[in-house]
Amino acid sequence: MAIVEVQELGRVFTPRRGAEVTALDGVTFSIGEGEVLGLLGPNGAGKTTLSRILTTLLLPTCGTARIGGHDVVRQSKEVRRLIGLVLGGDRGLYGRLTARQNLLYWGALQGLGGRTARQRTDEMLERFGLGARADDRVELFSRGMVQRVHLARALLSRPPLLIMDEPTNGMDPHAGAGFRQLVHDLKEAGCTVVLTTHDMQEAQDVCTRIALIDHGRILHMGAAGELLARIGAPRTIRAEGVCAEAAARIAELPGTVEVTEQGSLTARLDGAEAQSAALAVLVQAQATEIAVAPPGLTELYRTVITDREFAL
Amino acid sequence: MLHFVRAQAQMLIRSPQLFATLLVIPFYSLVFFHFLKSHHHGGLATTTAITAFLMGAWSHAVFVASQTVDDDRAQGTLSLSLLTPSRYLLALAMRTLLTASLALPVLGEMFLVGRWVFGLPIRVDRPGLTLLVAALVTAGVAATALLMSGLMILVRAARSLQNALTYPFYLLGGLILPVATLPGPLRWIARGFFLSWGAQLLRDAAAGPVPDLGVRLTVLCVLVGLQAAVGLWAVRRVLSFVRTGRVVLHD
Ligand SMILES: Nc1ncnc2c1ncn2[C@@H]1O[C@H](COP(=O)(O)OP(=O)(O)O)[C@@H](O)[C@H]1O
Ligand SMILES: [Mg+2]
């Protein structure tokens, strides 16, 4: 059963000065219970706008969205009971309060009774490995710890739908692995997750489905394997010790090729023919560490989303 | 509800600059009382103490207590709080009230400094009533702070209005001149302003028997209640207006 149903949802911002911005341009999709949906797309694609509309923080300008059958505009109260929200970044907690005091305050806002709030706070502090620092002020925490408090806060009310907007920005690799385990556990427990991230590996690891968003539209949506099969992103060829002459010959093939001064080459070539030709050149030039990797989400993303931030 | 008060107390304890009012007003009082004493106007000491307390409470509300919502915006907690708007409104009300009531001890400080440091003839005939009226006035200024904090979300420039929100209200509250000497329309506005009723009641409660006490207390309660209703209504409207996306919450 779908817990999220979105129909032709759109949002136009009308600034006092300047032109209108279409942040979300009529998107339609649904999310089943227990799914982990990854929202991928460049900055300004409309991911945050979508998250804010789904969590009732922002009104859409057209279309509808329902969470658990409740309309986000007209039944916001019911919707809010079903969702947990994690916004990325360091902000969103009271720096002058301790981790425990923050959680108790949010528990009270959620309407949890005193005893339940205390119990769940202890439980969450334990679960997120914050027990030892529970009574330190949050403003003294490292970024990774702040993010754990954010997660703990969002899960305090045990929401069946968790919406996270770039929760892992700036997490170290251990924290990242812990986060993936958490999402995995949540999924096992039947929780539905909407996760915005710029980390393709993370998305590939935890998401049951991916939505590629750009200019406020969903360009592609499906399981990572499905999308890879459908879109035909190129394999990646890597090699070390590539001489300038060989590199030049490969660069003439269709696709993108990057070579460093030290002779490491990364090539994403279009078509099997070009790929074989490049491999032949590399073998002949006695390059080392020649490796061919199947396309992953990174390649898929780079194929689907046109680069406009800065062209390298 | 206690949770919200406790959380605010925990935040306040860690921001000592918010206690400035408690220190600054008694410091000024040294100047006032010295002046009164050297000019042999000791009889005005009680009124001076009450006026200083009311001005302190009002400016503390306008400059400090009204920051609650804006602080939440700066910390990024406002967005998340909007997921539980009605309890957040309650939390704001309790937090603002607590911050505003930090000015309450100033009244006692003023009396003590006047009497014990300068030996001025300060006397409070009805201490219980004085405390009650001071508490009601504090609730009124807290409600004003709530109203202001809502405005500060809508209009960023409201912050620069803060200065303009002191002197005119001292005038309307009868703190500078007696209300009866104000020109017509101003006099009517002042009559509908809780501060002028509170100030007069405080002065009378200190002096001796208070005429028409029941009626005047009722009027004060109603005006404070109205002020609170306006404050809560305004913040509720602002919080729901925020959903239109026309105010930027995250900077
Ligand atoms: N409150 C707002 N007022 C005006 N424009 C906005 C507002 N919020 C977002 N936008 C614009 O909407 C577009 C989508 O933004 P956003 O949803 O934040 O993208 P993403 O999260 O994918 O980076 C951007 O062009 C952004 O500038
Ligand atoms: Mg974003």
Side-chain angles (χ1 to χ4, degrees), chain A residues 11-16 21 23 48-49 52-53 55-61 72-73 76-77 79-98 100-114 117-118 137-139 150 153-154 157 159 163 165, chain B residues 1-19 67-95 98-99 153-157 236 238-251:
Chain A
R11 172 71 212 205
V12 176
F13 287 107
T14 320
R16 278 199 206 113
V21 182
T48 298
T49 302
R52 293 173 73 82
I53 293 176
T55 50
T56 76
L57 295 183
L58 182 68
L59 295 171
T61 40
V72 293
V73 177
S76 52
K77 212 173 197 170
V79 170
R80 287 171 187 143
R81 260 185 233 130
L82 300 176
I83 50 174
L85 173 63
V86 179
L87 299 172
D90 304 328
R91 296 163 75 250
L93 294 165
Y94 293 103
R96 278 170 281 165
L97 297 186
T98 67
R100 188 191 305 282
Q101 289 165 347
N102 265 291
L103 294 184
L104 287 172
Y105 175 82
W106 288 109
L109 275 189
Q110 297 282 346
L112 301 179
R118 278 192 299 276
R137 268 176 288 161
V138 166
E139 64 194 355
H150 274 301
R153 184 192 53 69
S157 61
I163 295 181
D165 192 7
Chain B
M1 278 198 341
L2 273 181
H3 257 107
F4 302 136
V5 175
R6 195 180 309 142
Q8 184 71 3
Q10 286 153 347
M11 282 187 254
L12 289 174
I13 286 169
R14 290 173 188 131
S15 4
Q17 73 277 9
L18 300 185
F19 291 94
Q67 300 284 340
T68 321
V69 185
D70 209 41
D71 276 353
D72 278 10
R73 165 163 67 184
Q75 302 205 59
T77 48
L78 179 56
S79 283
L80 294 165
S81 306
L82 295 176
L83 291 179
T84 48
S86 21
R87 269 184 296 267
Y88 180 54
L89 188 60
L90 178 66
L92 279 179
M94 303 309 291
R95 291 169 56 194
L98 180 74
T99 310
I153 295 297
L154 281 193
V155 199
R156 290 239 170 155
R236 181 186 284 272
V238 169
L239 295 184
S240 65
F241 177 77
V242 163
R243 286 180 81 199
T244 61
R246 276 188 276 167
V247 230
V248 181
L249 286 190
H250 38 96
D251 21 17

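Convention: sequence-line order gives letters A, B, ...; per-chain numbering from 1.
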Q) Where do B/Leu80 and A/Arg153 land on the side chain to side chain contact (heavy atoms under 4.5 Å, CB included) test, with the steps shown first? A) CA-CA 10 Å; B/Leu80 294 165; A/Arg153 184 192 53 69; 3.5 Å; yes
Q) Taking all non-hydrogen atoms of both residues, which atom of B/Leu82 and which atom of A/Leu57 are closest, and how far apart? A) CB-CD2, 3.6 Å
Q. Looking only at atom types and distance, does a side-chain atom of B/Arg243 sit under 3.5 Å from a main-chain N or O of A/Thr56, one as donor and one as acceptor?
A. yes
Q | Distance, nearest 0.5 Å, that separates OH of A/Tyr105 from CD of B/Gln8 | A | 8.0 Å
Q: Please report the closest heavy-atom contact between A/Arg80 and B/Pro85, naming both atoms and the distance.
A: NH1-CG, 3.2 Å
Q. From B/Ile13 CD1 over to A/Arg96 CZ, what is the distance, rounded to the nearest 0.5 angstrom?
A. 11.5 Å
(Q) Using heavy-atom distances under 4.5 Å, tell me whether A/Arg81 contacts chain B through its side chain, its backbone, both, or neither. (A) neither
Q: For residues B/Ser81 and A/Leu109, report the shortest heavy-atom separation together with the two atoms involved.
A: OG-CD1, 4.2 Å
Q) Would you call A/Trp106 and B/Leu83 a side-chain contact if the rule is heavy atoms closer than 4.5 Å? A) no
**Q.** Pick from B/Gln75, B/Arg246, B/His3 with the largest number of heavy-atom pairs that fall under 4.5 Å of chain A
**A.** B/Gln75
Q: Could you tell me which portion of A/Ile53 (side chain, backbone, both or neither) has an atom closer than 4.5 angstrom to a non-hydrogen atom of chain B?
A: neither
Q.
Walk me through whether B/Ser79 and A/Arg91 qualify under side chain to side chain contact (heavy atoms under 4.5 Å, CB included).
A. CA-CA 10 Å; B/Ser79 283; A/Arg91 296 163 75 250; over 6 Å; no
Q | Gap separating the CZ atom of B/Arg14 from the CD atom of A/Glu139, nearest 0.5 angstrom | A | 8.5 Å
Q) Of the backbone (N, CA, C, O) and the side chain (C-beta and beyond), which part of B/Ala91 lies under 4.5 Å from a heavy atom of chain A, both, or neither? A) side chain
